[in-house]
Enquirer: 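Below is one structure. I have some questions about it.
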Number of protein chains: 2
Amino acid sequence: MKDDALKLQNQLCFPLYALSKEIIKKYTPLLDELHLTYTQYLVMMVMWEKQTINVKAIGDKLYLDSGTLTPLLKKLEVQRLITRQRDTSDERSVIIQITESGLALKEKASDIPAKIGSMFNLNEEELIQLYTIIHKLLKQL
Amino acid sequence: MKDDALKLQNQLCFPLYALSKEIIKKYTPLLDELHLTYTQYLVMMVMWEKQTINVKAIGDKLYLDSGTLTPLLKKLEVQRLITRQRDTSDERSVIIQITESGLALKEKASDIPAKIGSMFNLNEEELIQLYTIIHKLLKQL
DNA sequence: CCTTTTTACATTGTATACAATTTAATATTA
DNA sequence: TAATATTAAATTGTATACAATGTAAAAAGG
């Protein structure tokens, strides 16, 4: 690798980490109204798409393990947004189901993407570049 | 904003968050040898550059607050990598100084950037695009 | 100069993250 | 099929993150 490229890569890992945190901070006030944290919101997005899915599959989608998901899902259960039950056909697995309240919350969350998007002043070309590179990296790692 | 752009932006926040976490996971085995976590490594990078700096300035550079830094800096102090002392000219401020051991650790860490870089199969153009867009976003947020 | 405000750090409380281990169930294979 | 290996969750322990609050010091301003 060229020296320049090495230097540049050095200036990428930290900004990526910082940017990720700053974006999550922007979500926080919007999600407060729904009584969700960012990670809980990610899980609910999966649930809005799937309605029924097990813990393992949620983890695969969100790059999270049971150590993170188990307590988080218990909190969503307390809020009556989901239910948790063992899979009778495979007792190792726990099936997560969205509730009526959970589904209803989707409407309340519907304006969040646009609000967050409006904070990103990127043009279409930049969005596509960023999308392309990030997904390429995620596949590599 | 166009619908397409909105959809794309939706597929950006989460991948950014996931990518950031995956990259940090790649650092972990390398940093284990130095008995540092990723965040501790970021602080040490600041110390290698500055030698002497106060907590507030570290926080500004790394987007971290005293709630995160105070306990982390105490751990680095226990490891004898830094010292902490009140600024006599402004008793509100705490001055962090790197120690000999702390400086010595820089050599051990010198091959980390190249090792991480080798996991990024991006060409120069992509590196520059990513760098440009991330820094643009960080400035906006 | 004295009151008010701001600043820097520490503390408290909540919520991730994740490695490592444990437990129970299922799959594999000798 | 009995022993072994693998898998899915849960648990434990450590380390962030950060909002909110507390505390003490410094700055501002009347």
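Numbers restart at 1 for each chain; the letters A, B, ... are given by sequence-line order, proteins then strands.
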Enquirer: Tell me if a side-chain donor or acceptor on A:Ser101 pairs with a main-chain N or O of A:Leu81 at a distance below 3.5 Å.
Expert: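 Checking the backbone N and O of A:Leu81 against the side chain of A:Ser101, no donor-acceptor pair under 3.5 Å is found.
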
Enquirer: Just the rounded figure in Å: distance from P of C:dT23 to CZ of A:Arg86.
Expert: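 It works out to 14 Å between those atoms.
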
Enquirer: How is B:Ser66 classified with respect to the nucleic acid when contacts are heavy atoms under 4.0 Å: base, sugar-phosphate, or nothing?
Expert: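 Touches a base.
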
Enquirer: Determine, step by step, whether A:Leu34 and A:Met44 satisfy the side chain to side chain contact (heavy atoms under 4.5 Å, CB included) criterion, reporting the C-alpha distance in whole Å, the side-chain angles of both residues, the deciding distance to 0.1 Å, and the verdict.
Expert: CA-CA 11 Å; A:Leu34 312 186; A:Met44 288 310 297; over 6 Å; no

Enquirer: For the side chain of B:Lys56 and the backbone of B:Ser93, is there at least one donor-acceptor N/O pair under 3.5 Å apart?
Expert: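 Such a contact is absent between B:Lys56 side chain and B:Ser93 backbone.
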
Enquirer: What about the rings of A:Tyr38 and B:Tyr17, do their centers lie closer together than 6.0 Å?
Expert: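 They qualify: ring centres under 6.0 Å apart.
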
Enquirer: Donor-acceptor pair, distance only, cut-off 3.5 Å: does the side chain of B:Ser20 make one with the backbone of A:Ser20?
Expert: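 No; zero donor-acceptor contacts below 3.5 Å.
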
Enquirer: Could you tell me the boundaries of the chain A footprint on DNA chain D, defined by atoms under 4.0 Å from its heavy atoms?
Expert: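 Listing 5' to 3', DNA chain D meets chain A from D:dT7 to D:dA19.
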
Enquirer: Counting distance only, does the side-chain N/O of A:Arg86 pair as donor-acceptor with the main-chain N or O of A:Val94 below 3.5 Å?
Expert: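 No, A:Arg86 side chain to A:Val94 backbone: no donor-acceptor pair under 3.5 Å.
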
Enquirer: Name the residue closer to the 5' end of DNA chain D, choosing between A:Lys56 and B:Gly67 according to the nucleotide with the nearest heavy atom.
Expert: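 The residue whose closest nucleotide sits nearer the 5' end is A:Lys56.
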
Enquirer: Which residue, A:Val94 or A:Thr28, contacts DNA chain D at a nucleotide closer to its 5' end, judged by nearest heavy atom?
Expert: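 Its nearest nucleotide lies further toward 5', so the answer is A:Val94.
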
Enquirer: Between B:Lys21 (NZ) and C:dA19 (C1'), how many Å, whole number?
Expert: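 Rounding to the nearest Å, NZ of B:Lys21 and C1' of C:dA19 are 14 Å apart.
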
Enquirer: Can you check whether B:Arg84 has a side-chain N or O nearer than 4.0 Å to OP1 or OP2 of C:dA8?
Expert: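 No, outside the criterion.
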
